[in-house]
Q: 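Here it is, the structure in full.
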2 protein chains.
Amino acid sequence: MSEPGRRRRHDPDRRERIIDACLDVIAEEGVAGTSHRRVAAAADVPLGSMTYHFSGMDELLQEAFTRFATAVSDEFEQHMAAVATREDAVEAVVAIIADTVFASPRDLVLTHELYTLAAREPAFRALTNAWMTRSRTALERHFDPATARMVDALIEGLTIHRALDTEPHDAQVVAEAVRRITAIGT
Amino acid sequence: MSEPGRRRRHDPDRRERIIDACLDVIAEEGVAGTSHRRVAAAADVPLGSMTYHFSGMDELLQEAFTRFATAVSDEFEQHMAAVATREDAVEAVVAIIADTVFASPRDLVLTHELYTLAAREPAFRALTNAWMTRSRTALERHFDPATARMVDALIEGLTIHRALDTEPHDAQVVAEAVRRITAIGT
DNA sequence: ACGAGTTGCGTACGATTGTACCCATGACCC
DNA sequence: GGGTCATGGGTACAATCGTACGCAACTCGT
């Protein structure tokens, strides 16, 4: 019985695949358009698997966004950990903004969807708070807390604008802004 | 026939009331939880009025967010129009961030909802682009285009953080950041 | 004052949703 | 190698959705 796509008992990665598929569906259709059926179809699992692996839609979304936030946060920390001087830190921030962390439209959309959820539901707010705290802590290895906060805000704002604007940002301008806000002269 | 809540023929503001109620529902339940029935209940109009006044859900959302974006944009321009010097402009920006434009949780939530929609659907993206262009133009009366862009991004980021953070921002820190990014010495 | 026509609403329908339930299936132990 | 039990999926159901349609009610010209 090895017909492809049939009879797939004892599939230990199924839960993971569902979570991945869920993020894909959210990115394409939005949280509003995300249903058990659509996720099941995307993950190529039967509908029954949804209620078996997850207690409900909330748990699924929670796990999906936890994975997303952790992945983005990891990448952020990794970028910031490699730098030694404050000048390098500025460059790292510019690089993060430019093309590394928030590159794909997929991630941009997912970020927006998560924020919207977080603005209303406390459970998701805790998630974003943890994410933001990690970012800020990484920045505070190189800048004072107040400055770190502002740099974080600038990153956030540029990310938002990138999702909505048509044209990308000018790297030179961004670099200059980061330098100014961190009070590091050109 | 003057029973309260009954027989309300020839109500010319009905359309407006529906739009207002729609924004309320979005703020409370999110775009995902916004339905014809819920909006009708909030506006205290019969369900049939929905399909009569609007061709569909899309038109309703479009009009609601247009109203919202215009209102916020108006307030923004009004704040920036009153200033003469660059120093005043910095103060105006700080004031906008601090407590004027994005004060209520309602507006913060609505902003997120709109952005999420805009990230996926072109019609709503046009709306946010127009909004952002107006803000940027207002800023460009006092700053060069590149700086205006960065100031706008900072406002955006701080707004986002405010929606997600528990504690408000320190006005002093914000003021300092705006001064730095606009290259106006303390 | 009355009839015609526009404005507005009650209701019903087909589609889609989340979730619960029950049985089939495959793994593991003896 | 066969019996048992946990694992997992097919299906059915109640709720809710957007939308269409037909009729009631009110206005206005004559």
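Chain letters run A, B, ... following the sequence lines, proteins first, then strands; residues in each count from 1.
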Q: For R149(B) and D165(A), what are the C-alpha separation, side-chain angles and deciding distance, and is it a side chain to side chain contact (heavy atoms under 4.5 Å, CB included)?
A: CA-CA 11 Å; R149(B) 223 182 156 85; D165(A) 265 351; 3.0 Å; yes
Q: Quiz question: by atom type and distance under 3.5 Å, do the side chains of T147(A) and T182(A) form a donor-acceptor pair?
A: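 Not at all, the side chains of T147(A) and T182(A) share no donor-acceptor pair under 3.5 Å.
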Q: Walk me through it: do E87(B) and R179(B) pass the test salt bridge (Lys or Arg N to Asp or Glu O under 4.0 Å)?
A: CA-CA 9 Å; E87(B) 281 77 8; R179(B) 275 191 222 103; over 6 Å; no
Q: Under 3.5 Å, is there a donor-acceptor pair between the E156(B) and Y115(B) side chains?
A: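 Their side chains do contain a donor-acceptor pair, which is all the 3.5 Å distance test asks for.
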Q: Under 4.0 Å between a Lys/Arg side-chain N and an Asp/Glu carboxylate O for D20(A) and R67(A)?
A: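 So D20(A) pairs with R67(A) through a salt bridge.
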Q: Would you give me the side-chain donor-acceptor pairs under 3.5 Å for residues 21-35 of chain A, sequence neighbours excluded?
A:
{"residue": "D24(A)", "atom": "OD1", "partner": "R106(A)", "partner atom": "NH1", "Å": "2.2"}
{"residue": "T34(A)", "atom": "OG1", "partner": "G30(A)", "partner atom": "O", "Å": "2.7"}
{"residue": "S35(A)", "atom": "OG", "partner": "R38(A)", "partner atom": "N", "Å": "3.2"}

Q: Just by protein heavy atoms under 4.0 Å, how would nucleotides 16-22 of chain D read 5' to 3' in B, S and -?
A: -BBB---
Q: Please map the stems of DNA chain D, keeping only stretches of three or more Watson-Crick or G-U wobble pairs with both distances under 3.5 angstrom.
A: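 Output for stems: C:1-6 with D:25-30, C:8-23 with D:8-23, C:25-30 with D:1-6.
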Q: In sequence, state the C-alpha distance, the side-chain angles, and the governing distance for F54(B) and I19(B), and then conclude on side chain to side chain contact (heavy atoms under 4.5 Å, CB included).
A: CA-CA 10 Å; F54(B) 302 92; I19(B) 294 176; 3.8 Å; yes
Q: Determine whether more than 12 heavy atoms belonging to other residues, nucleotides or ligands lie under 6.0 Å from atom CD of E59(A).
A: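 Result for CD/E59(A): enclosed.
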Q: Give a yes/no on whether any side-chain N or O of Y52(B) is located under 4.0 angstrom from OP1 or OP2 of dG8(C).
A: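 Result: yes.
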